[in-house]
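This report refers to the structure that appears directly beneath it.
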Amino acid sequence: MIEKNYQPADIESRMSVVWEDSLAFKAGRPDRRDAVPFTIVIPPPNVTGSLHMGHALNNTLQDILCRFERMRGRDVLWQPGTDHAGIATQMVVERQLMERQQPGRREMGREKFLERVWQWKAESGDTIINQLKRLGASCDWSRERFTMDEGLSKAVVKVFVELHRDGLIYKDKRLVNWDTKLLTAISDLEVQQTEVKGHLWYLRYPIEGKTFSPDDPASFIVVATTRPETMLGDTGVAVHPDDERYQKLVGKHIILPLVGRKVQIVADDYSDPEKGSGAVKVTPAHDFNDFEVGKRHGLRQISVLDKEGCLDLLDNEDYLRDLPEGAAQFAEEFHKVDRFAARKRIVERLEAFGFVERIEPHTHTVPHGDRSGTVIEPYLTDQWYVDAKTLAKPATAAVRSGETSFVPKNWEKTYFEWMENIQPWCISRQLWWGHQIPAWYGPDGKVFVAETEEEAVSHALGYYVEQEVITAEQGREMALDRNKREGFITRDEDVLDTWFSSALWPFSTLGWPDATPEVQRYYPTNVLVTGFDIIFFWVARMMMMGLHFMKEVPFSTIYIHALVRDEKGAKMSKSKGNVIDPLHLIDEYGADALRFTLAAMAAQGRDIKLATSRVEGYRNFATKLWNACRFAEMNHCAVPDGFEPAKAKQTLNRWIAHESAHTTREVTEAIEAYRFNDAAGAIYRFVWNVYCDWYVELAKPVLLGPDGPAKAETRAMVAWARDEILKLLHPFMPFITEELWEVTAKREELLALAQWPLKPSGPTPEQLAMLAAATGPTESLVSPMLVMPIFDHADFTDPKAEAEIGWVIDLITQIRSVRAEMNIAPATLTALVLVGASAETKERAPRWIDVIKRMARLSDISFGDRAPDGAVQLLVRGEVAALPLKGVIDVAAESARLDKEVAKADADIKRAESKLANEKFVANAAEEVVEEEREKREAALARKAKLLEALERLKQAS
RNA sequence: GGGCACGUAGCUCAGCGGGAGAGCACUACCUUGACAUGGUAGGGGUCACAGGUUCGAUCCCUGUCGUGCCCA
C-alpha cells in the first residue's frame, strides 16, 4: 500500500538499510561471476571533510553510472574510501589542540601527536562516508579503504623504493615553494598566484670604484625590484646583452648598499630592457628566475631568510662571507626581523642614504599557499623529487593514442599542455601526518632507501663496513643488537605529499602490490569521474603511476564534470557565505530531488549554477511519480505473469509501449554517452508529459469502465509502463523508485539489481566492437550475449498507434485551447461535430468518445457533412472539427481568429515557395530537405483552403 | 602575455547548418474520483554586436565588446 504522501526522509533511511542488508552493492556477487566487471574508483574525499556540493555532483554521476551498469547485469565495483589529506588534517587537529588550550604538536612530540590524529580520524572519519550513503551512493562499502591503511601504505613504500631504485625519485637541493606558516615545502600546484597591488622600487646600486652620488647617474646602476628586502641576498645584477645602455658595465661590479658585498654585473637574456630600468638584481636563493640566472653565471646563492620568513643574518656564514668591517652591526640590527617589516625598514634605510631613485605602484602576481594563504617564499632546501618528466611521457602518449580519453574532449588539451611542461614534483613535506619517507641516513648523511628499517640497516652496515668506517665485527654486532646501532642511522623525518598515495588509488585499493584477484579482475577501471580542478593534482599522476607500475592505463575514460556554483555563478566558498549545503537540500527536498537536479544540470563543459527552485521542481516531479503510482494501485493495476507488452491489442496500450521503448533508447544512449542532462530530460518528459498527462488520462475511461479484456490489458500495461519508469529512473532517483518498486508488487529482487529495460536479442557487430574497445581484451572470454543484451526497439514500434493517439491528443488540445480563448467556463459542456470525417476518423472516433468528452469537456460527439452555423471550426490533422457555439461566440472574434490562422498558413506557404523558387536551393540542398519543403507547402495550402471554407461558412451563417 | 569556455525568454539553462526549447517565475481560469508539491490555457526571445562562408547561419569562420576559469 502506497502512503498518501511522499515523505523522502522516511523512504531514504529505510531503503539505505534494505540495500545494506541485502549486500546489493557488493562487487563479485556469485551470480555475476561471469559478468563483465564495471569499475569506478571514487575520488577519495578528505577524511576530515564533510559533503559539499562538489561531492554531491561527483558522486551522483558516479552512482548513476554504477546503478545503470549494475542493472545492465555487470559486476560493478564502485570502490570507496577516504584520503588522509596530510596538511588539511594536520591543520584541523592542531587547531583543535589550540582551541582546547592543550599542548601543541611540538610539545606533544611526533608519536603522541600522531596518536591524536588517528583518534580524530576514528571519531570523525565516518562523517563523510555516512553523508555519501545519505546521497544514495551505491559503493561496495565492505571494501572501504583509507590512504594510510596498512595495505595502501605498503604500496606507497614499494612505489617509493622502486622509483628511487630506477632513478625516478631523487633528493635535490633547489628552490622550493616554502610555506612560512606551515613550515613545509609544497608543490607548484599547491601555490596560488594572486594579483596583488604592490610597488616597484627603483634602487641605485653604486658602481665599484666610483664615488656614489645620487646626483651622478654615472656613479650607480638602477635596478627595479618588487622585493627590496631580498637585496641582502643579491649576488648579481643582470642586464640584457643587447642593451646598449649597459654594455660598458658588464663584467664590472657594484657594491651592495647597506651590505657592502661586491656583486658582479652580468649579461643575461632574462633581463628585459623594456621593463623597469632594464637592469635587475639577482637573488639566486630567493627567486626562481634568479636561481636559473645565477646558475648560468656561477653566482653564489645566499639565503637570508629562515623557515619562518624572518631575516637570518647573524651566524649566517654565506651572508657574512667577504663582507667589510661594520657589516656585523647591520646584521645584528636586522636579524630575525620579519620579511615584511624588513622590507619597510630596509627601504627607509636605503632612502636615508639616497639609494632609492623612485617608487612606483605596481600590480603583480604573488604566490600564496592554497592552505595557509600566506605568501610563499622560494626557499633553498633539500627535498625529494619525482622525475615527473619521464613518467609523463607514457601518460601523455596514452591519451594521444586514445587508450584513455577525456569527456568532454577539450580537456585533453589542458592535460597535454601541463604534461609537456611538467616540472619535477616535490613530494616531501615537513609534516608529521602522512606516509613517512622510507629513507635512512648514515652518520655521513648518505641515504639508504629501503622498504623496512631492517633492510636499510643491513644496506648501511654493509656499506660502512666496505668503506671501513666500521669494522666487520662492529657491523655484525650492530646488526644483531638494536641498542648498539642506536643513533647510527636515522630515518628521514619528512612525509610524502598526500597526492603521492592518491596517485596509486586505482590499484592500491585493489590490494596491489599483492597479486589479488581483485587487481586481476577490476584493473584497469572503466571510468574516472572527477572535476577539472584536480586534473593535474590527481588524474595526471594516476596516469603516470598506473602506467609505470601496472603497465596499463588506470581508466579508459575520464569524465570531467563541472564546478557547482551558486545561483549567480560565483564559486561557493565559506568566506563568501554562499555555500549551499547539500545535506540541507536533502533534508528539505530529499536526496532523489537533489540528485535529479544535479544530473539534469550536468551538461558537458558547463558549470552548474544551482538554484534551489530547480531542486524544488524536481521534488515535485518525485511527488508526481508517487501519485501516478498511487493511481495505478487504486485501479488494481498489476503485471500478470507472462504478460507480453508487444502483444497488446489496445491502441492506447500499444502506444505507451512504443513511447516507452523510445524513452528507453533515449535514456540508455544518453547515459552511455555521459549526457546525464539529456537522460534526465528524457525520463522526466516521459513520466510527466507522456505517462501522466496523456496515458493515464486516456486510460481512465477504460479503467473506470466495465470489466473485460480491454480493462485487463490496460491494467497490465499501466503497471508495466510504471515498472519501466521505475527502472529507467532508478539510477537518478534510487530511493523513491526502490520504495515504489517494493510496495507496488511482489518482487523477486531489488530494483537496484533488476534488469534494465532491454530485450535480449543479441548485440550488433558495431556494439560488440564498442564493447571490446571499452572494456579491453581480457573480457573477450565472456559471452557478450550474456552480459550485454541489446534491445530490439522494433518490437514495440507502432507508427499506427502513434498516429491515432497523436490525433486524439491534437484534437483535445485544440478544443481546450479554443475554449480557453473563447472564455468558455469549464463547467459548460459543448458538442463536437466531426465534419466530413474520413473513413479513418470514422473508424477511430468511436474508440475515443469517452476520453475526448471527458478531457475536452464535451457533451456529445457526432459526425456531419458541414459545420453547423455559428460554430467554431478547428482544423485537426487536415479535417474540420466544429464546436457549435451559436450565441456563445462572437462572430467577429471567431472570424478574426480564423483570419489569423489563414495568415499563418500564408506565411508558411510564402516561406516554402520562396525557397522552392530559388534554383540554387533546389540544386544544392539535400533531396529530403527539398522534399520536406514541398510537403510543407502542400500541407499549408490544404490548411489554407480549409480555413477559407470555414470562413466562408461563418459569413454565410451570420 | 598564453590557453580554454561562455554571452539564447524575467531567472537558471538545453539545443543547433534547414520553421526558437525546458524548468522556475509570470497571467487567467479550474478544489474534475492519483496529484493544488496539482490541472488547463497563455504571454514573453533581432539566439551579445559586426563582417564572412553557404541556396540557407542562433549554429561554421574572423573580428569587436562583455563574463568566467586555468597557466605564466
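By convention in this document, chain letters (A, B, ...) are assigned in the order of the sequence lines, proteins followed by strands, and residues within each chain are numbered from 1. Predicted, not measured: the structure shown is a model, and the values here were computed from it.
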- Item | Rounded distance in Å between the P positions of rG18(B) and rC47(B) | 16 Å
- Check: Val529(A) and Tyr674(A) side chains under 4.5 Å, non-hydrogen atoms: no
- Query: Near Glu3(A) CD, under 6.0 Å, is it more than 12 heavy atoms from other residues, nucleotides or ligands?
  - Reply: no
- Item | Nearest-angstrom distance, C1' atom, rU58(B) to rG2(B) | 30 Å
- Per Glu417(A) side chain, nearest of listed nucleotides rC35(B), rG3(B), rC29(B): rG3(B)
- Note on the structure: Among the nucleotides rA34(B), rA41(B), rC30(B), whichever has the atom closest to the side chain of Arg630(A) is rA34(B)
- Message: What's the gap between rG44(B) and rG10(B) when it is taken at their C1' atoms, as a whole Å value?
- Response: 9 Å
- Task: Give one of base, sugar-phosphate or nothing for Phe621(A), where a contact means two heavy atoms less than 4.0 Å apart.
- Result: nothing
- Query: Nearest to the side chain of Ala820(A) - rA41(B), rG18(B), rC69(B)?
  - Reply: rA41(B)
- Item | Minimum-distance nucleotide to Phe532(A) side chain [options: rC69(B), rU12(B), rC35(B)] | rC69(B)
- Message: Suppose you measure atom C1' in rG51(B) against the same atom in rG15(B); what distance do you get, rounded to whole Å?
- Response: 25 Å
- Query: Heavy atoms under 4.0 Å, any strand shown: does Lys700(A) hit a base, just sugar-phosphate, or nothing?
  - Reply: base
- Query: With a non-hydrogen cut-off below 4.0 angstrom, is Ala923(A) in contact with a base, only sugar-phosphate, or nothing?
  - Reply: nothing
- If you measure from the P atom in rG66(B) to the same atom in rC49(B), how many Å do you get, rounded? 16 Å
- Query: When all nucleic acid strands are considered with a 4.0 Å heavy-atom cut-off, which category describes Ile2(A): base, sugar-phosphate, or nothing?
  - Reply: nothing
- rA22(B) versus rA14(B) - spacing of their P atoms, nearest Å: 16 Å
- Note on the structure: pair_partner(rG44(B)), Watson-Crick or wobble, both distances < 3.5 Å, evaluates to none
- Task: Kindly say whether the aromatic ring centers of Tyr415(A) and Trp411(A) come within a distance under 6.0 Å.
- Result: no
- Task: Assert yes or no for the condition that the ring centre distance of Tyr589(A) to Tyr618(A) is strictly below 6.0 Å.
- Result: no
- Query: Atom CZ of Arg911(A) to atom P of rC55(B): distance rounded to whole Å?
  - Reply: 21 Å
- Task: Using whole Å, report how far OH of Tyr618(A) lies from P of rG38(B).
- Result: 14 Å
- Is Trp688(A) near enough to rG39(B) that one of its side-chain N or O atoms lies under 4.0 angstrom from OP1 or OP2? yes
- Watson-Crick or G-U wobble mate for rU31(B), both contacts under 3.5 Å: none
- Task: Look at all strands and tell whether Arg854(A) reaches a base, only sugar-phosphate, or nothing, counting heavy atoms closer than 4.0 Å.
- Result: base
- Message: Does the Lys NZ or Arg CZ of Lys700(A) fall within the cation-pi geometry relative to Phe631(A) - under 6.0 Å from the ring centre and within 45° of the axis?
- Response: yes
- Query: With a non-hydrogen cut-off below 4.0 angstrom, is Arg816(A) in contact with a base, only sugar-phosphate, or nothing?
  - Reply: sugar-phosphate
- Item | Rounded distance in Å - CD1 (Ile535(A)) to C1' (rG3(B)) | 13 Å
- Message: Classify Asn823(A) by what it touches in the nucleic acid, base, sugar-phosphate, or nothing, heavy-atom distance under 4.0 Å.
- Response: nothing
- Base, sugar-phosphate alone, or nothing: which one does Ser817(A) contact when heavy atoms must sit under 4.0 Å apart? sugar-phosphate
- Task: Have a look at Glu697(A) and say if it touches a base, only the backbone sugar-phosphate, or nothing, with a 4.0 Å heavy-atom cut-off.
- Result: base
- To the nearest angstrom, the CZ-C1' distance between Arg897(A) and rG42(B) comes to 15 Å
- Message: What's Cys629(A) touching, base or sugar-phosphate or nothing? Going by heavy atoms closer than 4.0 Å.
- Response: nothing
- Query: Does the base of rC35(B) carry an N or O that pairs as donor and acceptor with the side chain of Lys624(A) under 3.5 Å?
  - Reply: yes
- Arg675(A) CZ to rA14(B) P, in whole Å, measures 14 Å
- Query: What's the closest nucleotide to the Lys915(A) side chain, out of rU37(B), rC35(B), rG18(B)?
  - Reply: rG18(B)
- Which atom of Arg595(A) lies closest to which atom of Phe732(A), heavy atoms considered: NE-O, 3.0 Å
- Task: Assign each of Asn5(A) and Asn924(A) to its nearest nucleotide of RNA chain B by heavy atoms, then name whichever residue's nucleotide is nearer the 5' end.
- Result: Asn5(A)
- Message: Under 4.0 Å, heavy atoms only, any strand: does Asn918(A) hit a base, just the sugar-phosphate, or nothing?
- Response: sugar-phosphate
- Task: Find which nucleotide of RNA chain B each of Arg857(A) and Tyr684(A) is nearest to by heavy atoms, and output the residue with the more 5' nucleotide.
- Result: Tyr684(A)
- Gln814(A) CD to rA41(B) P, straight-line distance once rounded to whole Å: 11 Å
- Message: Is the phosphate of rG19(B) approached by Lys936(A) (side-chain N or O, under 4.0 Å from OP1 or OP2)?
- Response: yes
- Query: Looking at rG19(B), does its base get a donor-acceptor pair with the side chain of Asp908(A) below 3.5 Å?
  - Reply: yes
- Rounded to whole angstrom, note down the P distance from rG23(B) over to rG17(B). 24 Å
- Item | Contact under 4.0 Å: Asn620(A) side-chain N or O vs rC35(B) OP1/OP2 | no
- Complement of rC24(B), any strand, by Watson-Crick or G-U distances under 3.5 angstrom: rG10(B)
- Query: Which whole-number value in Å describes the distance from Asp693(A) CG to rG23(B) P?
  - Reply: 10 Å
- Donor-acceptor pair between Tyr695(A) and Asn653(A) side chains, under 3.5 angstrom: yes
- Write down the distance separating the C1' atoms in rA25(B) and rU62(B), rounded off to the nearest Å. 39 Å
- Query: Do Phe676(A) and Tyr559(A) make the cut of ring centroids closer than 6.0 angstrom?
  - Reply: yes
- Task: With a 3.5 angstrom cut-off on both distances, give the Watson-Crick or G-U wobble partner of rC4(B), or none if there isn't one.
- Result: rG68(B)
- Item | Rounded interatomic separation in angstrom, taking CD from Glu938(A) and P from rG19(B) | 18 Å
- Task: Once you apply the 3.5 Å cut-off to both distances, tell me the Watson-Crick or G-U wobble partner of rC55(B), or none.
- Result: rG18(B)
- Query: For rG63(B), which nucleotide in any strand shown is its Watson-Crick or wobble partner with both distances under 3.5 Å?
  - Reply: rC49(B)
- Is the cationic atom of Arg400(A) (NZ for Lys, CZ for Arg) positioned less than 6.0 Å from the six-membered ring centroid of Phe416(A) and within 45 degrees of its normal? yes
